[in-house]
Amino acid sequence: MARRKESQLDLHRVIMVGMAGVGKSALTLQFMYDEFVESYEPTKADSYRKKVILAGEECHIDILDTAGQEDYAAIRDNYFRSGEGFLLVFDITEKESFHALDDLREHILRVKNDDKFSMILVGNKSDLDNQRSVSASDGQAQASNWGIPYVETSAKTKANVDKAFYELLGKVKSMKGSPTGGQGKKNKKKSKSKCIIL
Ligand code: GDP
Ligand code: MG
């Protein structure tokens, strides 16, 4: 594989969105480090960088794990503006967390305006299927309604965790390479891709 300097790698910015407790941090840490963290500081917003291979090309992914505390509301718009891919996460055992995504998604659409971005709907805690309060078909229906993919994950068992991130990244990457892709309304900007096709 042709290698590039770290600084020349294409960078994709991904943001974890969802109510507190849905597993945003657990999903992030599972994707980053292959471990399930039982209790992660809920007030902490953190960003992570990982090198991944997308369609044979090395790229960097920046993940912003949002926290939802006081300071978050004030800087949330800046977070959202910087995002290219959004994981809209809910907890399949908490219906409220599913409905909370309506407002969060609307907020992103407002803030992003005509920018290009991609989203994926993630129903987390699939290992707790016996406590499920949102059916897979309701999750799927909402995702179809929004025109985005739906994935059910477990940050505990790692089921579908990589799939969720890579599916989103694939969308982000192809959107950035296409002048008309993305979920934004006007899609004016055409961003340069620094990845080399091998
Ligand atoms: P955040 O507030 O969205 O970042 O949520 P956290 O990642 O802190 O997770 C909240 C709680 O749910 C923690 O106790 C996690 O251990 C737990 N949790 C997160 N993901 C899963 C999962 O997939 N399955 C189960 N059983 N618990 C989870
Ligand atoms: Mg968290």
Side-chain angles (χ1 to χ4, degrees), residues 12-50 52 61-109 111 117-140 142-143 146 148-169 172:
H12 304 305
R13 296 176 195 277
V14 164
I15 306 200
M16 310 298 293
V17 176
M19 245 176 70
V22 297
K24 298 180 297 297
S25 300
L27 286 166
T28 304
L29 296 170
Q30 186 61 272
F31 181 69
M32 287 296 302
Y33 309 120
D34 287 301
E35 59 187 25
F36 179 57
V37 181
E38 197 68 48
S39 65
Y40 184 74
E41 179 60 60
T43 59
K44 231 168 128 192
D46 249 321
S47 66
Y48 301 83
R49 176 167 293 191
K50 183 174 173 138
V52 298
I61 167 175
D62 261 9
I63 304 174
L64 183 67
D65 174 26
T66 62
Q69 305 298 316
E70 311 77 60
D71 62 334
Y72 169 43
I75 53 176
R76 183 169 70 173
D77 290 4
N78 279 335
Y79 282 173
F80 285 177
R81 236 170 252 126
S82 72
E84 297 168 321
F86 295 84
L87 280 100
L88 305 181
V89 186
F90 70 95
D91 172 350
I92 64 158
T93 73
E94 291 288 342
K95 201 163 234 161
E96 194 194 344
S97 71
F98 182 56
H99 295 308
L101 289 176
D102 287 331
D103 282 350
L104 284 166
R105 177 178 166 276
E106 284 296 325
H107 198 100
I108 294 167
L109 295 182
V111 168
F117 57 96
S118 299
M119 290 176 163
I120 187 169
L121 181 62
V122 178
N124 188 42
K125 309 199 185 179
S126 61
D127 57 291
L128 301 178
D129 194 54
N130 56 342
Q131 297 167 43
R132 182 190 280 275
S133 70
V134 179
S135 69
S137 57
D138 283 353
Q140 184 58 64
Q142 181 65 289
W146 289 341
I148 64 177
Y150 179 56
V151 179
E152 293 203 342
T153 57
S154 169
K156 187 166 188 173
T157 67
K158 211 183 174 180
N160 278 346
V161 172
D162 285 351
K163 181 177 194 278
F165 279 94
Y166 279 102
E167 191 154 346
L168 178 66
L169 284 169
V172 168

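First listed ligand is number 1; within each ligand, the first listed atom is number 1. No experiment lies behind these values; they were computed from the predicted model shown.
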Considering non-hydrogen atoms of the protein only, which is the closest contact for [atom], and what is the distance?
{"atom": "atom 10 (C) of ligand 1", "value": "Gly21 O, 3.5 Å"}
{"atom": "atom 26 (N) of ligand 1", "value": "Asp127 OD2, 2.8 Å"}
{"atom": "atom 18 (N) of ligand 1", "value": "Lys125 CE, 3.7 Å"}
{"atom": "atom 23 (O) of ligand 1", "value": "Ala155 N, 2.8 Å"}
{"atom": "atom 7 (O) of ligand 1", "value": "Ala26 N, 2.8 Å"}
{"atom": "atom 13 (C) of ligand 1", "value": "Glu38 O, 3.1 Å"}
{"atom": "atom 6 (P) of ligand 1", "value": "Gly23 CA, 3.7 Å"}
{"atom": "atom 20 (N) of ligand 1", "value": "Asn124 ND2, 3.1 Å"}

List every atom of ligand 1 that sits less than 4.0 Å from any heavy atom of [X], numbering the atoms from 1 in the order shown and giving each element.
{"X": "Lys24", "answer": "1 (P), 2 (O), 3 (O), 4 (O), 5 (O), 7 (O)"}
{"X": "Ser154", "answer": "23 (O)"}
{"X": "Val37", "answer": "16 (O)"}

Looking only at atom types and distance, does a side-chain atom of [X] sit under 3.5 Å from a main-chain N or O of [Y], one as donor and one as acceptor?
{"X": "Ser154", "Y": "Ala159", "result": "no"}
{"X": "Lys24", "Y": "Met19", "result": "yes"}
{"X": "Asp46", "Y": "Asp65", "result": "no"}

Review point. Any non-hydrogen atom of Ala20 lying under 4.0 Å from ligand 1?
Key: yes
Practice item. Might you confirm whether atom CD of Glu96 has over 12 heavy atoms from other residues, nucleotides or ligands at distances under 6.0 Å? Key: no
[X] and ligand 1 - part of the residue with a heavy-atom distance under 4.0 Å:
{"X": "Leu128", "value": "side chain"}
{"X": "Val22", "value": "both"}
{"X": "Thr153", "value": "neither"}

Practice item. Calculate, to the nearest 0.5 Å, the distance between atoms CG and CE belonging to Leu168 and Met119 respectively. Key: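 Result: 10.0 Å between the selected atoms.
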Review point. Side chain to side chain contact (heavy atoms under 4.5 Å, CB included) with Arg76: which of Ile108, Val17, Leu104, Val111?
Key: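 Going through the options one by one, the only one that passes is Leu104.
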Check your understanding: Just one of Leu88, Leu169, Leu87 clears the side chain to side chain contact (heavy atoms under 4.5 Å, CB included) bar with Ile120, so which one?
Key ->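 Only one option passes, and that is Leu87.
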Check your understanding: Are the side chains of Arg105 and Gln142 in touch, meaning some heavy atoms are under 4.5 Å apart?
Key ->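 Result no, sub-4.5 Å side-chain heavy-atom pair not found.
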Review point. Do any of the N, O or S atoms of Ser25 sit under 2.8 Å from the Mg ion (ligand 2)?
Key: yes
**Study point:** Positive for ring pair (Phe, Tyr, Trp, His ring centres under 6.0 Å) with Phe31, one of Tyr48, Phe36, Phe165
**Key:**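 By the ring pair (Phe, Tyr, Trp, His ring centres under 6.0 Å) criterion, Phe31 pairs with just one of Tyr48, Phe36, Phe165: Phe165.
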**Study point:** Over all atoms of both residues, closest heavy-atom pair of Val161 and Ala155
**Key:**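 Nearest heavy atoms, Val161 then Ala155: CG2-CA, 4.1 Å.
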